[in-house]
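Counting starts at 1 for both ligands and their atoms, in listed order. Owing to the predicted nature of the structure, the values given are computational and were not obtained by experimental measurement.
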Amino acid sequence: MSAGQVLISRDEIRARTLALAQEVTLALPPGPVHAVVILKSAIFFGVDLIRALGREASLGFLFASSYGDSAESAGAVALSADALGRVTGQNVLLIDDILDTGNTLAAAAETLRALRPASLRTCVLLDKPSRRQVPFEADHVGFPIEDVFVVGYGMDFGGRFRTLPDIRVYRQEKK
Ligand code: XMP
């Protein structure tokens, strides 16, 4: 088992993240932002994006786990909101690595909206529009990609490949 060819290089990730941060900052209402990162796989992107925002930011986390095998999103999403921080009345930026079927972000956005933020925007690094099962679009997207399973830059397969600096297409070697 190994990670395959580079789909998006570390330089492309860096450049796009800086541009996204500017785009997000312009779209946010003035003042501080409460940035909510979906763990675990959005942690690298979240940190890089938040650091590049020209805003004072408080941090919150949602831990998402979906049931099923690790390369196939299975629909049901369990969200743990223990480290969400203060959402009510705040301008909230919800950050995830990939928008795939839409189940995770739809559930996360619903959880946040129930807490009545002053505003809510969503930002994802990658979007696989062809995979959508629920109607959800992010306000800000880094790269639309085809239906391929990717690893690296925080994204894993069975806990592996998270720390690779580039985003690679995952491939399973034939035995
Ligand atoms: P949904 O389907 O809920 O999925 O929109 C969002 C979450 O599924 C994970 N995901 C992936 N993880 N490579 C990964 O390492 C992929 O290609 C991939 N596609 C979806 C990811 O955690 C994302 O937040």
Practice task
Please identify which atoms of ligand 1 are closer than 4.0 Å to at least one heavy atom of Asn103.
Solution key: 3 (O), 5 (O)
Handout entry: N/O donor-acceptor pair under 3.5 Å between Arg55 side chain and Gly31 backbone
Key = yes
Exercise for the section: Work out whether the distance between some heavy atom of Val151 and some atom of ligand 1 is less than 4.0 Å. Expected result: no
Exercise for the section: For the residue pair Thr122 and Phe136, establish whether any side-chain heavy-atom pair is separated by less than 4.5 Å. Expected result: yes
Fill in the blank from the handout: In terms of its nearest heavy atom to atom 7 (C) of ligand 1, the top option of Thr104, Leu39, Leu7 is Thr104
Exercise for the section: Compute the minimum heavy-atom distance from Ile98 to ligand 1 and say whether it is under 4.0 Å. Expected result: yes
Problem - contact_flag Val148 ligand 1 heavy-atom lt 4.0 Å - result: yes
Handout entry: Close approach of Lys128 to ligand 1, heavy atoms, under 4.0 angstrom
Key = yes
Exercise for the section: Under 4.0 Å, heavy atoms only, figure out whether ligand 1 is touched by the backbone of Arg131, its side chain, both or neither. Expected result: neither
Practice task
Name the orientation class of the two ring planes belonging to Tyr170 and Phe149 (parallel below 30°, tilted from 30 to 60°, perpendicular beyond 60°).
Solution key: perpendicular
Exercise for the section: Look only at the side chain of Thr88 and the backbone of Leu115, and say whether a donor-acceptor pair between them is shorter than 3.5 Å. Expected result: yes
Handout entry: Test of proximity, Phe149 against ligand 1: N or O pairs below 3.5 Å
Key = no
Exercise for the section: Please check if the side chain of Arg132 supplies one atom and the backbone of Asp100 the other of a donor-acceptor pair under 3.5 Å. Expected result: yes
Problem - ligand 1 contacted by Leu105 (non-hydrogen, < 4.0 Å) - result: no
Exercise for the section: Just let me know how Asp96 lines up against ligand 1, side chain, backbone, both or neither, with a heavy-atom cut-off below 4.0 Å. Expected result: side chain
Handout entry: Contacting atoms of ligand 1, where contact means under 4.0 angstrom from a heavy atom of Gly102
Key = 1 (P), 2 (O), 5 (O)
Exercise for the section: May I ask you to identify, for Asp97, whether its side chain, its backbone, both or neither come under 4.0 Å of ligand 1 on a heavy-atom basis? Expected result: side chain
Problem - Ion pair Asp48/Arg16, N-O distance below 4.0 Å - result: no
Handout entry: Gap separating the CG atom of Leu53 from the OG1 atom of Thr25, nearest 0.5 angstrom
Key = 4.5 Å
Completion exercise
A student checking ligand 1 against Thr101 at a 4.0 Å heavy-atom cut-off should list atoms 1 (P), 2 (O), 3 (O), 5 (O)
Handout entry: Sub-4.0 Å atoms of ligand 1 with respect to non-hydrogen atoms of Asp100
Key = 1 (P), 2 (O), 4 (O), 5 (O), 19 (N), 20 (C)
Practice task
Measure the CZ-NZ distance between Phe63 and Lys40 for me, rounded to the nearest 0.5 Å.
Solution key: 5.0 Å
Practice task
List the steps, then state whether side chain to side chain donor-acceptor pair (under 3.5 Å) holds for His34 with Arg86.
Solution key: CA-CA 8 Å; His34 185 59; Arg86 180 154 173 248; over 6 Å; no
